[in-house]
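Report on one structure; see the data block that follows.
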Amino acid sequence: MLDFSKDLKIAYCCPSYRRPFCRTARYIKETNIYIDASEKEVYEEDNKGYGNIIVCDDGIQGNLPRVRNYMLDKEFENGADIVVMMDDDVEHLGWFSVDENSSYGYVKHKIRPKDVNDFILYGSVLCEEWGFGMWGCNHTSDPMMYRHHSPFSTHSGCVGQFMVFTKNDLRFDETLPLKEDYDMNIQQNNKYRGVLMLNFAFVKGDFGKLSGGTAIRRNSKRELDQFVLFKKKWGSDIVTGANVKHGNQRGDNKKATYDFSHPNVKIPIKGI
């Protein structure tokens with residue numbers, strides 16, 4: 001449990017690979033950027049004055065969940081009470097508010113760097129009070145995706161762009177390097193009976209558009225192979241399928257094709 005009798009330590013960190021310019025560190029300057037030793041020089045050159053370059057031990061890079069586990073272990077060992085794990089291309093965090101004069105019904109607000117700590121503490125307090133070990137927020141800043149009558153949820157998936165952990169012993173499955181965030185969500189639901197999602201908040205970035213990172217290891221065959229392993233691990237009642245990319249829709253007789261990078265997950269626990 002978080003000990004509010006002391007100043008809580010928040011660690012901001014991101015894994016990065018072949019993507020020297022770290023946008024996240026421009027937003028949160030104290031971000032720890034975890035890299036491979038072979039890229040130390042170029043990362044230091046491209047991030048002067050931004051972030052802290054942390055070189056992983058030999059053999060850590062090359063498997064994203066292994067890097068994530070390394071980050072969690074290192075940050076908690078170094079005294080962190082809360083670990084904020086983000087992608088290296090985060091532009092900013094934000095939140096929605098209701099505005100009847102807006103064409104969307106909502107307006108977006110950027111969380112200023114000086115206010116990020118307060119936001120992380122707010123979410124982490126809620127997370128622990130609800131008995132959970134991880135929380136996140138919307139991975140889209142589209143106001144049409146927000147519903148003000150559902151500011152929170154307890155079973156929505158917190159994807160890898162932004163995940164916040166309080167101290168717990170769950171770790172990423174290193175056999176699922178392309179599905180590790182989905183797997184972590186199910187692990188958290190299984191043990192703590194939920195994951196807190198702040199639907200009223202969002203993370204904005206160039207997710208999936210930049211080169212480097214896991215993009216260099218993704219292809220349709222690997223995505224399918226990982227989906228099969230993921231579904232085998234948790235069963236078809238929980239991993240119910242994959243998103244339809246096109247075809248097999250109402251009024252469409254074309255053969256369906258599927259996006260196996262985004263599996264459909266159903267959590268069989270009552271919640272919001």
Side-chain angles (χ1 to χ4, degrees), residues 11-36 39 42-54 61-65 67-68 71 83-96 104 106-113 115-116 119-120 123 135-146 156-164 172 177-182 184-185 197-220 222-223 226 243 245 259-263:
Y12 298 92
C13 57
C14 66
S16 192
Y17 184 63
R18 296 188 184 180
R19 202 182 278 169
F21 179 87
C22 182
R23 177 169 290 168
T24 305
R26 268 65 181 175
Y27 177 51
I28 303 173
K29 289 187 177 182
E30 60 267 36
T31 299
N32 292 330
I33 310 168
Y34 282 77
I35 66 165
D36 188 72
E39 299 186 291
V42 66
Y43 269 83
E44 288 179 340
E45 180 65 28
D46 283 10
N47 296 284
K48 287 182 178 179
Y50 298 97
N52 308 302
I53 305 301
I54 308 295
Q61 278 283 8
N63 178 290
L64 181 56
V67 178
R68 292 192 187 280
M71 291 162 54
V83 174
V84 182
M85 189 178 296
M86 297 174 286
D87 277 359
D88 57 9
D89 47 4
V90 169
E91 182 178 323
H92 65 263
L93 300 168
W95 57 283
F96 301 106
Y104 294 110
Y106 309 102
V107 291
K108 297 186 292 186
H109 308 272
K110 178 180 177 179
I111 298 175
R112 298 172 298 181
D115 296 325
V116 169
F119 172 67
I120 298 301
W135 67 274
C137 60
N138 259 314
H139 58 276
T140 174
S141 58
D142 183 352
M144 294 296 288
M145 298 294 289
Y146 176 57
S156 297
C158 298
V159 292
Q161 290 97 329
F162 179 83
M163 298 181 288
V164 184
F172 292 89
L178 300 183
K179 300 288 179 287
E180 85 286 346
D181 48 354
Y182 288 92
M184 174 56 76
N185 274 274
M197 175 74 84
L198 304 186
N199 294 325
F200 68 86
F202 62 85
V203 56
K204 180 174 174 56
D206 288 329
F207 310 128
K209 299 177 184 178
L210 301 179
S211 62
T214 59
I216 64 175
R217 295 187 289 270
R218 290 185 182 274
N219 57 54
S220 57
R222 287 210 71 201
E223 292 286 6
Q226 285 278 287
N243 289 342
K245 293 172 69 174
D259 179 6
F260 292 105
S261 65
H262 297 291

Side chain to side chain contact (heavy atoms under 4.5 Å, CB included) between Phe119 and Leu198, intermediate numbers included: CA-CA 11 Å; Phe119 172 67; Leu198 304 186; 3.9 Å; yes
Is any NZ, NE, NH1 or NH2 atom of the basic residue among Glu39 and Arg18 found under 4.0 Å from an Asp or Glu carboxylate oxygen of the other?
->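 Arg18 and Glu39: not salt-bridged.
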Can you tell whether the side chains of Asp88 and Arg23 come within less than 4.0 Å, N to carboxylate O?
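Between Arg23 and Asp88 there is no salt bridge, as every charged N stays at least 4.0 Å from the carboxylate O atoms.
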Discussion item. Side chain to side chain donor-acceptor pair (under 3.5 Å) for Asp142 and Thr140? Distances and angles first, verdict last.
Written reply: CA-CA 6 Å; Asp142 183 352; Thr140 174; 5.1 Å; no
So which atom in [X] and which in [Y] form the shortest heavy-atom distance, rounded to 0.1 Å?
X      : Y      : value
Lys29  : Gly49  : CD-O, 4.3 Å
Ile33  : Ala25  : CD1-CB, 4.1 Å
Met86  : Ile28  : CE-CD1, 3.8 Å
Leu178 : Gln226 : N-OE1, 2.9 Å

(Q) Using the rule given for side chain to side chain contact (heavy atoms under 4.5 Å, CB included), can you reason through Ile111 versus His92, listing the C-alpha separation, both sets of side-chain angles and the distance that settles it, and then say yes or no? (A) CA-CA 7 Å; Ile111 298 175; His92 65 263; over 6 Å; no
Given side chains that start at C-beta, do those of [X] and [Y] come closer than 4.5 Å, heavy atoms only?
X      : Y      : value
Thr31  : Asn52  : no
Tyr182 : Pro263 : yes
Met71  : Val83  : no
His139 : Phe202 : no

- Item | Option from Asn32, Thr24, Val90, Val116 for which side chain to side chain contact (heavy atoms under 4.5 Å, CB included) with Tyr12 holds |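 The option that passes is Val116.
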| request: Please lay out, stage by stage, how Lys108 and Trp95 fare under the test side chain to side chain contact (heavy atoms under 4.5 Å, CB included). | output: CA-CA 6 Å; Lys108 297 186 292 186; Trp95 57 283; over 6 Å; no
Sidechain-backbone polar pair: Asp87 side chain, Phe162 backbone, donor-acceptor under 3.5 Å: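 Pair absent, no side-chain N/O of Asp87 close to backbone of Phe162.
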Atom [atom1] in [X], atom [atom2] in [Y]: separation rounded to 0.5 Å?
X      : Y      : atom1 : atom2 : value
Cys13  : Tyr34  : SG    : OH    : 6.0 Å
Asp115 : Leu93  : CG    : CG    : 11.0 Å
Asn199 : Cys137 : CG    : SG    : 9.5 Å
Glu180 : Arg68  : CD    : CZ    : 4.5 Å
Asn185 : Cys158 : CG    : SG    : 5.5 Å
Leu64  : Phe172 : CG    : CZ    : 8.0 Å

Show, in sequence, the C-alpha distance, side-chain angles and deciding distance for Glu91 and Arg26, and conclude whether the salt bridge (Lys or Arg N to Asp or Glu O under 4.0 Å) test is met.
CA-CA 8 Å; Glu91 182 178 323; Arg26 268 65 181 175; over 6 Å; no
>> Angle between ring planes, Tyr146 versus Phe96, binned at 30° and 60°: parallel, tilted or perpendicular?
In response: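 Rings of Tyr146 and Phe96: parallel, under 30°.
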Query raised in the report: Does a donor on one side chain and an acceptor on the other come within less than 3.5 Å for Tyr43 and Ser16?
Result: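 Per modelled atom types, Tyr43 and Ser16 side chains form a pair under 3.5 Å.
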Arg112 vs Tyr27, test: side chain to side chain contact (heavy atoms under 4.5 Å, CB included). Steps then yes/no. CA-CA 9 Å; Arg112 298 172 298 181; Tyr27 177 51; over 6 Å; no
